[in-house]
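Right, one structure below, let's go through it.
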Amino acid sequence: MSICAVIPAAGRGTRLGTGQPKILTSLTPRDTIWSILHGKLSPLVDHIHLVLSPDGAARFPAPPANVSISVQPEPTGMGDAIFRGFEVWSKYDAVLVVWGDQVFVSNDTLRRAIGAFALSQMQAVLPVTRMTAPYVEYVFDGPRLTHVLQTREGDTTTPGGCSDVGTFLLTTQGLKSAWRDYLKMAPRGGGTGEINFLPFLPFLSAQGWTITPLEVADATEARGINTKEDLAFFQSLYNKAP
């Protein structure tokens, strides 16, 4: 099975106050968010595709041979960012989406997600973890994923509900046509006004795709780097690592 990892990373890092595109933010004197994600993904996938802002692309160092870049001109949502890389990732059997600030997703979670993937069917593997106050919550009815609740869009989530760890593994075949169908009826988020990628997953489930939840024990894997507090947390964590 061939896999292309896609990292939507058009974040400008404004809230972090570093003056750098978010993915180039330093966590240690030698490591950036990008270098950590690249180190985790390279042994597991055949190719890595980054989706950057125009400024991020202009300031990004020359990528390694197994990495390509496309540009999202405006921050119009993760779904738009992912499908801007379609010409690259559609050549592979599966696409592994990892948010560009999801630095703490573990090698174990990535390997288990790949191990749980069945190429013979339209499938998405969704690593999830239970959180005291989920930022995002996935609601299943038996095997079917029925809803995704997002606090940033004004939804109320359930204490102890299942949140994602910013990692999604999907079959590439049929994915673009499903996204086109979704766009015909997709509502814009109540808080951001964006057409979000996450509600696309219940849409896929309703279309007969298998959405396989994968339990992740450590809820820290769900934490991205969105604020100065998040950045300080991960800088402290990685600087203490041996």
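The structure presented is a predicted model; accordingly, all values stated were derived computationally and were not measured.
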Aromatic centroids of Phe168 and Trp99 separated by under 6.0 Å:
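They qualify: ring centres under 6.0 Å apart.
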Trp179/Phe203 aromatic ring centres below 6.0 Å
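No; Phe203 has its ring centre 6.0 Å or more from that of Trp179.
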Could you go through the side-chain contact (heavy atoms from CB on, under 4.5 Å) check for Ile33 and Ile225 one step at a time?
CA-CA 9 Å; Ile33 293 173; Ile225 301 177; 3.7 Å; yes
Around [X], counting heavy atoms of other residues, nucleotides and ligands shown, do more than 12 lie under 6.0 Å from its [atom1]?
{"X": "Lys176", "atom1": "NZ", "answer": "yes"}
{"X": "Gln173", "atom1": "CD", "answer": "no"}
{"X": "Arg59", "atom1": "CZ", "answer": "yes"}

Indicate, with yes or no, if Met78 and Ile195 share a hydrophobic cluster defined by side-chain heavy-atom contacts under 4.5 Å among Ile, Leu, Val, Met, Phe, Trp and Tyr.
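Result: yes, single cluster for both.
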What about Phe197 and Val88, same hydrophobic cluster or not, with Ile/Leu/Val/Met/Phe/Trp/Tyr joined at side-chain heavy-atom distances under 4.5 Å?
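No: no chain of side-chain contacts under 4.5 Å links Phe197 to Val88.
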Do we see a donor-acceptor contact under 3.5 Å between the side chains of [X] and [Y]?
{"X": "Asp93", "Y": "Ser2", "result": "yes"}
{"X": "Thr220", "Y": "Asp218", "result": "yes"}
{"X": "Thr171", "Y": "Gln121", "result": "no"}
{"X": "Thr109", "Y": "Glu221", "result": "yes"}
{"X": "Gln123", "Y": "Thr212", "result": "yes"}

Quick one: closest heavy-atom pair of [X] and [Y], and the distance?
{"X": "Tyr92", "Y": "Cys4", "answer": "CD1-CB, 3.5 Å"}
{"X": "Asn66", "Y": "Ser42", "answer": "ND2-OG, 3.5 Å"}
{"X": "Thr172", "Y": "Ser90", "answer": "OG1-O, 4.3 Å"}
{"X": "Gly160", "Y": "Arg130", "answer": "O-NH1, 3.0 Å"}
{"X": "Gln102", "Y": "Gly224", "answer": "NE2-N, 4.0 Å"}
{"X": "Pro21", "Y": "Asp55", "answer": "CG-OD2, 4.0 Å"}

Determine, for Phe104 and Arg223, whether the Lys NZ or Arg CZ falls below 6.0 Å from the six-membered ring centre while staying within 45 degrees of the axis.
no
Of Asp164, Thr157, Thr146, which is the lone residue that meets side-chain contact (heavy atoms from CB on, under 4.5 Å) with Tyr138?
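It is Asp164, the one option of Asp164, Thr157, Thr146 that forms the side-chain contact (heavy atoms from CB on, under 4.5 Å) with Tyr138.
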Give, for atom CE of Met1 and atom CG of Leu119, the distance between the pair rounded to the nearest 0.5 Å.
6.5 Å
Less than 4.5 Å apart, any side-chain heavy atom of [X] and any of [Y]?
{"X": "Ser26", "Y": "Asp31", "answer": "no"}
{"X": "Pro199", "Y": "Gln150", "answer": "yes"}
{"X": "Thr25", "Y": "Leu16", "answer": "yes"}
{"X": "Ser205", "Y": "Arg144", "answer": "yes"}

Report the C-alpha separation of Leu27 and Ile36 in whole Å, then their side-chain angles, then the decisive distance to 0.1 Å, and conclude whether the side-chain contact (heavy atoms from CB on, under 4.5 Å) test is met.
CA-CA 9 Å; Leu27 296 182; Ile36 291 171; 3.6 Å; yes
Kindly indicate, with the supporting measurements, whether the criterion side-chain hydrogen bond (donor to acceptor under 3.5 Å, both in side chains) is fulfilled by Thr158 and Glu137.
CA-CA 7 Å; Thr158 307; Glu137 182 183 2; 3.3 Å; yes
Trace of the side-chain contact (heavy atoms from CB on, under 4.5 Å) decision for Ile23 with Leu52
CA-CA 9 Å; Ile23 196 164; Leu52 302 172; 4.1 Å; yes
Check the pair Arg152 / Asn196 against side-chain hydrogen bond (donor to acceptor under 3.5 Å, both in side chains), numbers first and verdict last.
CA-CA 11 Å; Arg152 73 172 189 156; Asn196 290 307; 2.9 Å; yes
Could you walk me through whether Phe117 and Ile3 pass side-chain contact (heavy atoms from CB on, under 4.5 Å), step by step?
CA-CA 11 Å; Phe117 190 79; Ile3 303 175; over 6 Å; no
Ring pair (Phe, Tyr, Trp, His ring centres under 6.0 Å) between Trp89 and Phe83, worked out
CA-CA 9 Å; Trp89 57 253; Phe83 283 93; 5.5 Å; yes
Please lay out, stage by stage, how Lys184 and Asp181 fare under the test salt bridge (Lys or Arg N to Asp or Glu O under 4.0 Å).
CA-CA 5 Å; Lys184 295 173 185 176; Asp181 290 341; 3.5 Å; yes
